[in-house]
A.B. asks: 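Questions regarding the structure given below will be posed in turn.
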Number of protein chains: 2
Amino acid sequence: MSPLTRSRQDYLKALYALAPAGEAVPTSRLAARLGVSAPSVTNMLGRLAEERLVSHAPRAGARLTPLGRRAALGMVRRHRILETFLVKVLGLDWTEVHDDAEVLEHHISDRALAAIDRLMGHPDEDPHGHLIPDAKGRLARRALTPLAALPRGARATVREIRDADGRRMARWKEVGLVPGAEVRVREVRALDDVFELEVAGRRVVTGSEGLDGVLVQPARVESHGARS
Amino acid sequence: MSPLTRSRQDYLKALYALAPAGEAVPTSRLAARLGVSAPSVTNMLGRLAEERLVSHAPRAGARLTPLGRRAALGMVRRHRILETFLVKVLGLDWTEVHDDAEVLEHHISDRALAAIDRLMGHPDEDPHGHLIPDAKGRLARRALTPLAALPRGARATVREIRDADGRRMARWKEVGLVPGAEVRVREVRALDDVFELEVAGRRVVTGSEGLDGVLVQPARVESHGARS
DNA sequence: GGCGTGCGTTAGCCTCGGCTAAAGCGCTTC
DNA sequence: GAAGCGCTTTAGCCGAGGCTAACGCACGCC
């Protein structure tokens, strides 16, 4: 059993990202995600299967075993703790820290990671609003809605910004679409693909492109005879 | 020119550590230092020579070129900033942070390193008392004396603790031999290899083994008619 | 001045994690 | 049922950075 090299860790992470619930993922999807050729994926899946980290039925894609899933969640934890650290402690911009975290997650020791986590008071969310798995790899579940799926008039609170193009994230940040922000959908013009939002009191007009990277928690419906 | 991989960086660092003034270093010394076979060293020196980072006359050892020296000092800077960070910010023990720094120095981005440096207020010494090269790779010079070389009666201030066996460093820390500590040599029994010291008021008896890892700045001689 | 010895180099091989080219499986379509 | 097509796998290769075994240079010793 070779130790989990950087490359192996990346495969496990990708597999988790593409199929968090454990579905089978086609070779080609992994290849595209990792920026690697399909034969390289087949090859690596073979090794990972030997090590019981994934199961790989020929021509039927790959899925994480419980062991692989634990490893993947460990990487997610490391990544999110590091992103939080880079933003909260080092003062870097949350639209730009992804790449640094991507490298460091493979190399920081458990001891140093624990110290960072302690320093920050064991945060449970990273700067993008993603939940941080606990040390045992448990991740709370929550149901969020893509902002673009909200109907006209809906109110909601922004909860997560999915890692995306840095420039797009910077733009979102600029207009106030950050975790915690309150949003109201003023108008949806589906045919024109135009959303008119009110974010923290300001009017924002945008197309839907990429907007499914903004996940929100809809406010409880303000029913007429508001009972509560 | 391939980018400076981890392995290359380690060779340059080792070369600098073994010959800070730019002397030639024999293949075997490098091999021992890096924990690698001699042929591997010859091989790598060939590559580094092609890249103008070292000069390598066959059978006459290797030395850093100015380019290689700059790269090596860059690594020293990274290492020392990271050690300082691990101790000062994360609260880890300075006898144990070497290995973490050793890994991270190869992987942290310039941007994150700069942020760490800024956070700490641009320290000029690491927790072992080593000077940190500036961003241009300049390193102040200072002349220090091994503690074991002091004569009976001498007073001095501890300035640097060279990276050594973690247990030994822990012991030194325990007895108070840390950068900044004041020491007086109460007795030297050369034949028995015994040093009797007074460190921060406490009496410490030790052999010389490894004690050259403790570097001190001797106090100005307290001459009889103390002038000043 | 010849010879042994030790260090350095050469030769050849390995693993990891990539690659391209080519082959093959299986699904769809006629 | 044959052909075509797309995705996956196999085959064979590469470079980085290791390794061992074997060779060779140079120096010290007699």
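From a predicted model like this one, the values you see are computed outputs, not experimental measurements. These values consider heavy atoms only, across backbone and side chains, with no hydrogens, waters or symmetry-generated copies. Letters go in sequence order (proteins before strands), and every chain restarts at 1.
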A.B. asks: Taking atom P of C/dG17 as reference, at what distance in whole Å does atom CD of A/Gln9 sit?
C.D. replies: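 After rounding, the reported distance stands at 11 Å.
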A.B. asks: Roughly how many Å is it from CG in B/Leu34 to P in D/dG18, rounded to a whole number?
C.D. replies: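 Checked: the CG to P distance equals 8 Å.
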A.B. asks: Which atom pair, heavy atoms only, marks the closest approach of B/Ala14 to B/Arg33?
C.D. replies: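 The pair with the smallest heavy-atom distance is CB-CG, 3.8 Å.
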A.B. asks: Rounded to whole angstrom units, what separation is found between the CG atom of A/Leu45 and the P atom of C/dG18?
C.D. replies: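 In whole Å, C/dG18 P and A/Leu45 CG are 11 Å from each other.
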A.B. asks: Using a heavy-atom cut-off of under 4.0 Å over every strand shown, decide if A/Ser28 touches base, sugar-phosphate, or nothing.
C.D. replies: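 Counting heavy atoms under 4.0 Å across all strands, the contact made by A/Ser28 is with sugar-phosphate only.
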A.B. asks: In whole Å, what is the span from the CG atom of A/Leu48 to the P atom of C/dG18?
C.D. replies: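 Roughly 11 Å, once rounded to whole Å.
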A.B. asks: At under 4.0 Å between heavy atoms, how does the protein contact nucleotides 12-17 of chain D? Give one character per nucleotide, 5' to 3', with B, S or -.
C.D. replies: ----SB
A.B. asks: Have a look at A/Ser37 and say if it touches a base, only the backbone sugar-phosphate, or nothing, with a 4.0 Å heavy-atom cut-off.
C.D. replies: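 Base, at least one base heavy atom under 4.0 Å.
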A.B. asks: Could you tell me which non-hydrogen atom of B/Pro179 sits nearest to which non-hydrogen atom of B/Arg159, and how far apart they are?
C.D. replies: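 Heavy atoms of B/Pro179 and B/Arg159 come nearest at CB-O, 3.8 Å.
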A.B. asks: Is it true that B/Asp10 and B/His106 share a donor-acceptor pair across their side chains at a distance under 3.5 Å?
C.D. replies: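 There is such a pair between these side chains.
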A.B. asks: Just call it for B/Thr42: base, sugar-phosphate, or nothing, with non-hydrogen atoms closer than 4.0 Å on any strand.
C.D. replies: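 Base, at least one base atom sits under 4.0 Å.
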A.B. asks: Do the ring planes of A/His79 and A/His98 sit parallel (below 30°), tilted (30 to 60°) or perpendicular (above 60°)?
C.D. replies: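 It falls in the tilted class, 30° to 60°.
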A.B. asks: Under 4.0 angstrom, heavy atoms only, what part of the nucleic acid is A/Val41 near: base, sugar-phosphate, or nothing?
C.D. replies: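 No contact.
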A.B. asks: Could you state the atom-to-atom distance from CZ of B/Arg59 to P of D/dA26 in whole Å?
C.D. replies: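 To the nearest whole Å, that distance equals 7 Å.
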